[in-house]
Amino acid sequence: MRGIVVLLWSILLFGCNTQANVIPESSAEANKTKNPISCPAMESRNWQAWIDGVAENEPQLNISGEIDLPTPGYQVEWQPGILDRSNPPTQRISIILTPPEGIVIQVVTPSEVSFTMGSPVLEYRSVEIYCDDRLLVDISDVKAR
């Protein structure tokens, strides 16, 4: 009988919530897993794209520009995307910006970026640079130099 009384008191005091001991995620952690950080590039400028038609084995598409980032130390990675079928074609390229680890000063940092890749053509209608789903720049009339 005493066991039943203890059980009833436990139910009355603590309720029937089976998740009473579960610690909820902090909102920052929840947002990190549900909504990845969007493109940190604040502004961009001075974009150029050209084709080096006399490169060693194949023509090379060269891209350079400058982006403003919220801190110094970002790592830049480029990922070539689709080349559409128009004549001349448009090349899509993504820029992936990874923030530095640890504590970093929060100061807008202009950063020069550049990329070179093999080019199957000697002229592009345009080169579109994306950061996440955001179009940073559309560089028109890219030709061999």
Side-chain angles (χ1 to χ4, degrees), residues 6-145:
V6 171
L7 178 63
L8 288 174
W9 271 109
S10 298
I11 291 172
L12 288 173
L13 289 175
F14 300 111
C16 295
N17 188 353
T18 58
Q19 296 184 5
N21 294 328
V22 175
I23 300 171
E25 288 183 304
S26 71
S27 59
E29 288 176 26
N31 287 340
K32 210 182 276 186
T33 58
K34 293 177 186 171
N35 299 323
I37 297 173
S38 63
C39 178
M42 302 161 86
E43 297 284 330
S44 72
R45 67 195 147 279
N46 301 330
W47 287 100
Q48 297 179 18
W50 70 95
I51 299 166
D52 181 357
V54 294
E56 289 185 16
N57 293 328
E58 66 178 325
Q60 299 287 311
L61 172 62
N62 299 280
I63 300 166
S64 67
E66 187 175 359
I67 55 178
D68 290 340
L69 296 168
T71 66
Y74 270 79
Q75 291 186 9
V76 178
E77 193 177 325
W78 296 83
Q79 183 175 9
I82 64 168
L83 177 67
D84 71 15
R85 294 183 181 193
S86 59
N87 189 11
T90 296
Q91 176 70 58
R92 290 180 180 89
I93 299 174
S94 293
I95 186 169
I96 300 162
L97 302 166
T98 305
E101 292 183 18
I103 299 173
V104 183
I105 188 169
Q106 299 288 311
V107 60
V108 175
T109 307
S111 304
E112 291 188 19
V113 294
S114 62
F115 178 64
T116 301
M117 66 178 250
S119 175
V121 298
L122 291 175
E123 182 179 351
Y124 291 92
R125 176 183 320 263
S126 69
V127 173
E128 297 176 346
I129 312 274
Y130 287 87
C131 182
D132 287 336
D133 291 334
R134 186 175 110 200
L135 177 65
L136 281 182
V137 66
D138 184 355
I139 308 167
S140 300
D141 292 325
V142 180
K143 300 185 182 201
R145 289 186 183 175

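All residue numbers in this chain count up from 1 along the given sequence. Please read all numbers here as calculations on a predicted model, not as lab measurements. Values below: all heavy atoms of this structure, side chains included; hydrogens, waters and symmetry mates excluded.
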(request) For the residue pair Pro40 and Tyr74, establish whether any side-chain heavy-atom pair is separated by less than 4.5 Å. (result) yes
(request) Would you please name every residue forming a side-chain hydrogen bond (donor to acceptor under 3.5 Å, both in side chains) with Arg85, sequence neighbours left out? (result) none
(request) Take atom CD of Glu66 as the centre, draw a 6.0 Å sphere, and report whether it contains more than 12 heavy atoms from other residues, nucleotides or ligands. (result) yes
(message) If I take atom CZ from residue Phe115 and atom CD from residue Gln79, how far apart are they, to the nearest 0.5 angstrom?
(response) 9.5 Å
(request) Please check if any side-chain donor atom of Ser119 sits under 3.5 Å from a side-chain acceptor atom of Tyr124, or the reverse. (result) yes
(message) Tell me if a side-chain donor or acceptor on Asp68 pairs with a main-chain N or O of Met42 at a distance below 3.5 Å.
(response) no
(request) Please round to the nearest 0.5 Å and tell me the distance separating atom CD of Gln91 and atom CD1 of Ile63. (result) 7.5 Å
(message) Between Val113 and Trp78, does the side-chain contact (heavy atoms from CB on, under 4.5 Å) criterion hold? Intermediate values first, please.
(response) CA-CA 10 Å; Val113 294; Trp78 296 83; 3.8 Å; yes
(request) Using the salt bridge (charged side-chain N to carboxylate O under 4.0 Å, His left out) rule, collect all pairs that involve residues 91-104, keeping only residues at least two apart or in two chains. (result) Arg92-Glu128
Name each donor-acceptor pair under 3.5 Å that joins a side chain in residues 137-145 to protein atoms two or more places apart or in another chain, with its distance.
unit_1: Asp138; atom_1: OD1; unit_2: Ser126; atom_2: OG; d: 3.1

(request) Evaluate whether atom CG of Leu135 has more than 12 neighbouring non-hydrogen atoms of other residues, nucleotides or ligands under 6.0 angstrom away. (result) yes
(request) State, to 0.1 Å, how close Asp132 and Cys39 come at their nearest heavy-atom pair, and which atoms those are. (result) OD2-N, 2.6 Å
(request) May I have the step-by-step check of side-chain contact (heavy atoms from CB on, under 4.5 Å) for Ile67 and Leu97, ending in yes or no? (result) CA-CA 11 Å; Ile67 55 178; Leu97 302 166; 3.9 Å; yes
(request) Using a 4.5 Å cut-off on heavy atoms from C-beta on, say whether the side chain of Val127 contacts that of Trp50. (result) no
(message) Quick check for you: to the nearest 0.5 Å, what is the distance between Leu122 atom CG and Asp52 atom CG?
(response) 10.5 Å
(request) Write down the atom of Pro100, the atom of Pro72, and the distance for their closest heavy-atom approach. (result) CG-O, 3.3 Å
(message) Nearest 0.5 angstrom please: Leu61 CG to Thr116 OG1, how far?
(response) 8.0 Å
(message) Please check this pair: side chain of Thr109 against backbone of Val107, looking for a donor-acceptor N/O pair closer than 3.5 Å.
(response) yes
(message) Distance check, rounded to the nearest 0.5 Å: Glu58 atom CD versus Met117 atom CE?
(response) 9.0 Å
(message) Quick one: does any side-chain atom of Asp84 pair with a main-chain N or O of Ser86 as donor and acceptor, under 3.5 Å?
(response) yes
(message) I want to check something: taking the side chain as every heavy atom from C-beta on, are Val121 and Pro89 in contact at a cut-off of under 4.5 Å?
(response) yes
(request) State the CD-CG distance between Glu43 and Leu69, to the nearest 0.5 angstrom. (result) 11.5 Å
